[in-house]
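Structure record follows, encoded as structure tokens.
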Protein chains: 4
Amino acid sequence: MFYRIDTKSPTPLYEQLIFQIKELYIQGILEPGEKLPSIRELSSVILVNPNTVSKAYQELERQGIIYTERGRGTFLTDNTALLEKAPERMEIKNQLRELVLRSRRCGIAKSELLHWVETASEEVQS
Amino acid sequence: MFYRIDTKSPTPLYEQLIFQIKELYIQGILEPGEKLPSIRELSSVILVNPNTVSKAYQELERQGIIYTERGRGTFLTDNTALLEKAPERMEIKNQLRELVLRSRRCGIAKSELLHWVETASEEVQS
Amino acid sequence: MFYRIDTKSPTPLYEQLIFQIKELYIQGILEPGEKLPSIRELSSVILVNPNTVSKAYQELERQGIIYTERGRGTFLTDNTALLEKAPERMEIKNQLRELVLRSRRCGIAKSELLHWVETASEEVQS
Amino acid sequence: MFYRIDTKSPTPLYEQLIFQIKELYIQGILEPGEKLPSIRELSSVILVNPNTVSKAYQELERQGIIYTERGRGTFLTDNTALLEKAPERMEIKNQLRELVLRSRRCGIAKSELLHWVETASEEVQS
DNA sequence: GTGGTCTAGACCACA
DNA sequence: GTGGTCTAGACCACA
């Protein structure tokens with residue numbers, strides 16, 4: 001199984017799950033239309049409470065990445081928007097890693113980087 | 001007064017204070033050796049709980065940016081490390097803003113960017 | 001075959017079946033006295049669990065739309081009430097669609113519309 | 001207090017809360033910028049679990065109706081979009097009630113109305 | 001005090 | 001079996 005969770009990370013478990021499922025989808029390990037593991041199944045695999053998995057699935061549904069059929073399970077949509085953006089996502093991720101590296105050499109705290117991302121996001125939004 | 005905080009920002013108030021004092025120092029608005037406002041004074045100016053200001057000052061002292069003389073107040077150190085790094089800080093901040101902009105066009109959520117900064121920080125650290 | 005269900009719809013499958021059989025009846029595609037497919041046959045055609053078809057048939061029988069003759073099958077009744085109401089049903093359906101359209105322009109969520117239908121139904125009932 | 005919940009309604013409690021807060025806002029009983037009761041406070045008033053209130057608040061935040069300041073509480077935004085749409089909302093609500101009434105006279109089940117709202121919503125979306 | 005996350009476990013409608 | 005809702009209660013960072 002390729003689902004994994006880090007309980008020591010500051011990122012909430014349900015967000016880790018969201019990011020990971022997106023990543024698996026982008027990498028082609030999960031395919032459009034494919035059935036995801038049931039909430040109970042996944043929760044027992046990654047040793048996390050079913051509610052936590054449910055929260056992740058609901059957020060993914062809100063984002064249009066997955067949909068649920070009542071009584072049958074949860075499936076990936078045919079939404080290919082994510083797939084198309086995959087290369088640029090990768091690039092952004094890499095450049096971000098580089099910036100983090102340089103920040104460390106400058107003595108810039110992680111919290112300050114996070115704050116800059118926050119403020120930049122607000123600016124961009126308006 | 002130039003101290004200002006945004007209670008609506010997701011960045012904790014005490015961190016906003018830390019970042020701002022650093023910024024004022026880098027920009028030369030606050031100078032080495034200068035006396036900072038007392039905790040009570042500052043907290044009444046920016047309408048924040050004194051504990052919050054105190055927490056910011058403690059962290060800045062831990063970072064060697066300020067020091068306290070009992071009964072006299074808190075002062076900026078002569079630490080010039082921050083000043084030397086000013087241009088690179090600026091550059092990192094700008095590049096970060098650009099990445100945020102591109103992320104938005106890719107449909108990458110802010111939470112995902114924050115998570116990438118987290119994971120990259122962990123990698124770098126080890 | 002004209003029976004079709006949408007597993008992605010939030011409407012329960014057995015309700016979709018009910019509505020569809022009524023619709024086929026109203027449109028004259030199914031006629032009074034006509035024999036409906038057996039549970040097993042229909043379930044294999046529309047790829048649905050036999051229990052689901054059974055539940056739909058039971059509800060239709062309860063409503064007096066169909067009746068069962070043991071060992072012979074299920075048949076549509078001569079009940080013409082549905083047929084008489086056909087034009088008004090159509091009109092209501094159309095007006096509902098218009099309201100949904102206007103709602104969207106107002107930013108009213110589907111969930112809110114559904115809730116209003118619920119509350120209005122309760123009022124009317126009492 | 002004006003917050004009230006009907007545990008017997010088929011509408012989930014957290015959705016009832018969402019609708020009610022919107023309604024109170026539209027009617028001017030709650031005003032922009034005003035502080036909402038804390039999660040714990042409200043949950044004890046309406047005798048509902050804090051998690052349920054939290055879920056409602058989070059959805060309202062996602063919709064841009066409220067925002068939270070960490071450690072301080074939850075507040076209504078200055079978003080006036082809802083207020084501007086108030087009259088049309090009212091009208092739609094009333095027309096919906098009328099349709100429900102007519103439906104009852106036609107023998108149309110509540111479930112069928114709900115289904116029509118669902119299908120119309122899908123059509124409109126695409 | 002505030003909200004956010006998480007666990008454990010119940011009950012429900014639906015397939 | 002499936003997901004959705006809800007309760008009870010813990011722990012956390014922050015103000």
Side-chain angles (χ1 to χ4, degrees), chain A residues 5 7 9-17 35-44 47-58 60-61 66-75 111, chain B residues 5 7 9-17 43 46-56 111, chain C residues 5 7 9-17 43 46-56 111, chain D residues 5 7 9-17 35-44 47-58 60-61 66-75 111:
Chain A
I5 282 293
T7 53
S9 160
T11 308
L13 305 185
Y14 76 90
E15 284 194 349
Q16 289 183 44
L17 251 184
K35 188 179 182 301
L36 287 176
S38 79
I39 290 179
R40 287 165 173 81
E41 188 189 341
L42 183 49
S43 75
S44 75
L47 301 175
V48 142
N49 191 281
N51 287 332
T52 304
V53 178
S54 174
K55 192 170 180 180
Y57 277 17
Q58 282 178 27
L60 282 166
E61 182 159 19
I66 67 179
Y67 65 93
T68 79
E69 290 186 15
R70 200 158 10 158
R72 295 200 48 243
T74 314
F75 304 83
S111 60
Chain B
I5 53 133
T7 56
S9 161
T11 308
L13 305 187
Y14 77 91
E15 285 191 349
Q16 288 184 45
L17 251 185
S43 72
I46 59 179
L47 301 174
V48 140
N49 193 300
N51 294 332
T52 304
V53 178
S54 170
K55 192 167 178 180
S111 62
Chain C
I5 54 134
T7 55
S9 161
T11 308
L13 304 187
Y14 77 91
E15 285 191 348
Q16 288 184 45
L17 251 185
S43 72
I46 59 179
L47 300 175
V48 140
N49 194 299
N51 293 333
T52 305
V53 179
S54 169
K55 193 167 179 181
S111 61
Chain D
I5 283 294
T7 53
S9 161
T11 309
L13 305 185
Y14 75 90
E15 284 194 348
Q16 288 184 44
L17 250 184
K35 188 179 181 303
L36 287 175
S38 79
I39 290 178
R40 286 164 173 80
E41 189 188 342
L42 184 49
S43 74
S44 75
L47 301 175
V48 142
N49 190 281
N51 288 331
T52 304
V53 178
S54 174
K55 191 169 180 180
Y57 276 17
Q58 281 178 27
L60 283 166
E61 183 159 18
I66 67 178
Y67 65 94
T68 78
E69 291 187 14
R70 199 154 14 152
R72 294 198 53 241
T74 313
F75 305 83
S111 60

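Just so you know, these numbers use all the heavy atoms, side chains as well, and skip hydrogens, waters and symmetry mates. Note on naming: letters A, B, ... go to the chains in the order of the sequence lines (proteins, then strands), and numbering restarts at 1 for each one.
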Side-chain contact, heavy-atom cut-off 4.5 Å: D:Leu42 with D:Leu36? no
List the residues meeting side chain to side chain contact (heavy atoms under 4.5 Å, CB included) with D:Asn49, not counting sequence neighbours, and say none if there are none. D:Asn51, D:Thr52
Residue set satisfying side chain to side chain contact (heavy atoms under 4.5 Å, CB included) with D:Lys55, at least two apart, ordered chain then number -> A:Gln58, D:Tyr14
Base, sugar-phosphate or nothing for C:Thr7? Non-hydrogen atoms, less than 4.0 Å. nothing
The salt bridge (charged side-chain N to carboxylate O under 4.0 Å, His left out) partners of A:Glu69 (sequence neighbours excluded) come to A:Arg72
Could you tell me whether the phosphate oxygens of F:dG3, OP1 or OP2, come under 4.0 Å of any side-chain nitrogen or oxygen in A:Ser54? no
A:Ser111 meets the side chain to side chain contact (heavy atoms under 4.5 Å, CB included) criterion, sequence neighbours left out, with A:Ala109, B:Glu15, B:Phe19
Give a yes/no answer on whether the side chain of A:Gln58 brings an N or O atom under 4.0 Å of OP1 or OP2 in F:dG3. no
For DNA chain F, what is the dot-bracket line, given that a base pair needs Watson-Crick (N1 to N3, plus N6-O4 or O6-N4) or G-U wobble (N1-O2 and O6-N3) geometry with both distances under 3.5 Å, and | means paired with another strand? ||||||||||||||.
Separation of E:dA8 atom P from A:Ile39 atom CD1, nearest Å, is 16 Å
What residues form a side chain to side chain contact (heavy atoms under 4.5 Å, CB included) with D:Thr68, not counting sequence neighbours? D:Glu61, D:Thr74
So which protein nitrogen or oxygen atoms get under 3.5 Å of nucleotides 11-15 of chain F's nitrogens or oxygens?
residue : atom : partner : partner atom : Å
F:dC14  : OP2  : B:Tyr14 : OH           : 3.4
F:dA15  : OP1  : B:Leu13 : N            : 2.7

